[in-house]
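So the structure is just underneath, and the comments pick up after that.
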Amino acid sequence: MFDLLARSWALPSAVETLQFSADSSVAAFACADGTIALATLSDAEPPESRIRVSGDLGQTTIRPREKPPAPLIVTERLRDGAPLIAASAQSGFLAGASEGRVVRVTATGEIDDTDIRLDGAIVALDHARGQGVTAVSDGADVLLAMASGGIIRSLARHGSGNVGALGFSPSGRQLAVCRSNEISIWTLVGEPALIRTVSFPKFPIAVRWSADSEWIACPLASGGFGVARLVDGKAGTVSDFPAMVRAVSWSERADALVASGAFRIAAWSMKLPPLEGETGGALVTGRPGLVVVEAVAGHPTRPLAAAGFANGQIVVARIGERDELLVKPSGGAVTTLAWSADGRHLAAGTTDGGASLITFPAQMFK
């Protein structure tokens with residue numbers, strides 16, 4: 001299936017993270033060698049153009065591609081290690097570069113400096129497209145800048161330790177700041193103000209908001225993940241995982257949270273959220289195996305989740321059901337997965353430099 005549906009490329013270093021552009025026309029793969037590889041979603045041979053239904057038996061087949069996919073566009077080296085990236089306007093991105101710079105990356109790989117420059121290396125970056133605000137941190141301070149240019153303000157320091165991650169809510173009106181073992185939630189309506197602090201046993205290393213902005217989930221540095229409800233600050237930790245939880249993702253259609261770190265897709269119904277030791281909401285999803293799930297991504301429009309494994313396998317499963325669709329059988333360990341906004345394309349990156357765009361025909365997920 002992968003050979004028939006995917007466009008894939010080999011890069012010289014591991015793909016660590018990826019992002020789709022705001023208009024879902026480009027996928028950006030951030031690589032360990034400090035470059036960003038860009039792939040356009042436009043396809044000269046989409047799967048739909050290669051599908052044939054036989055007139056006598058009604059059997060559906062898909063022919064292989066006749067030509068290789070267009071090559072990736074790879075930027076200049078921006079920093080030591082994979083650049084932090086965030087989707088900005090239309091098909092462009094913002095990226096953390098060397099010497100504390102934040103740069104613009106166009107769909108065609110051009111690099112332009114912004115007015116944002118920090119004293120130290122950039123350790124966290126996010127952008128709220130609706131509000132036109134960028135949040136960036138060197139570990140000590142969190143700065144906010146408008147898309148029109150110029151630093152507008154610095155958030156007051158709250159708590160001890162260094163900032164490890166930043167994340168805007170879907171509306172862009174709130175910002176979550178992971179510092180030490182806390183997440184502080186700031187409102188950006190008017191003057192920035194701290195509205196809630198949530199503590200966890202260990203450091204949150206990323207923050208993922210639910211689509212309704214009512215929940216936050218975060219992988220923890222010690223393993224496991226934390227989840228918090230914003231309205232009352234109640235929080236819980238799920239720690240019984242055989243491996244590090246590197247990714248969590250929300251499924252709005254299934255009203256569920258999915259996580260990596262287990263030998264199958266780990267999922268919970270948010271009708272019985274994993275707060276205060278509650279485990280009744282666990283949803284058995286996909287098939288158990290002997291290899292750990294390293295990456296997960298909830299589908300944006302269907303109650304599905306994609307999972308990538310340490311042996312390179314990629315599957316798609318309906319949340320709460322045991323059956324799964326094998327998309328890719330093997331390869332380099334999967335580091336990152338993401339769906340395009342319309343759910344037609346699944347992007348994947350691997351430790352051996354594999355970058356791929358898997359395009360699913362509309363009839364695939366009826």
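Owing to the predicted nature of the structure, the values given are computational and were not obtained by experimental measurement. Both backbone and side-chain heavy atoms feed into the values below; hydrogens, waters and symmetry mates do not.
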Donor-acceptor contact below 3.5 Å, side chain D138 vs main chain D141: yes
Option among V198, V248, V207 that satisfies the side-chain contact (heavy atoms from CB on, under 4.5 Å) test with I216: V207
Exceeds 12 heavy-atom contacts within 6.0 angstrom, atom CG of D240: no
Test: E45 and R63 ion pair at under 4.0 Å: yes
Stepwise salt bridge (charged side-chain N to carboxylate O under 4.0 Å, His left out) test for R77 and D33: CA-CA 7 Å; R77 183 172 175 273; D33 63 3; over 6 Å; no
Step-by-step side chain to side chain donor-acceptor pair (under 3.5 Å) determination, T108 to E110: CA-CA 6 Å; T108 52; E110 285 86 11; 2.2 Å; yes
Close side-chain approach of V105 and I111, heavy atoms under 4.5 Å: yes
R179 (side chain) donor-acceptor with G161 (main chain) under 3.5 angstrom: yes
Criterion salt bridge (charged side-chain N to carboxylate O under 4.0 Å, His left out) on R65 and D43, from CA distance to verdict: CA-CA 11 Å; R65 291 179 176 275; D43 187 358; 2.6 Å; yes
Ring geometry between F360 and W339 (parallel below 30°, tilted from 30 to 60°, perpendicular above 60°): tilted
Beyond-backbone contact of L41 with L357, side-chain heavy atoms, under 4.5 angstrom: yes
Stepwise side chain to side chain donor-acceptor pair (under 3.5 Å) check, T134 with H127: CA-CA 4 Å; T134 301; H127 181 75; 2.8 Å; yes
T17 (side chain) donor-acceptor with A30 (main chain) under 3.5 angstrom: no
R153 atom CZ, over 12 foreign heavy atoms within 6.0 Å: yes
Aromatic ring pairing W215/W250, orientation class (parallel under 30°, perpendicular over 60°, tilted between): tilted
F168-W186 aromatic ring centre distance below 6.0 Å: no
Exam field: side chain R101 to backbone D113, donor-acceptor pair closer than 3.5 Å: no
Distance, nearest 0.5 Å, that separates OG of S169 from CD of E214: 12.0 Å
Salt-bridge criterion met for R344 and E48 (N-O under 4.0 Å): yes
Main-chain N/O of F93 paired to S88 side chain as donor or acceptor, under 3.5 Å: yes
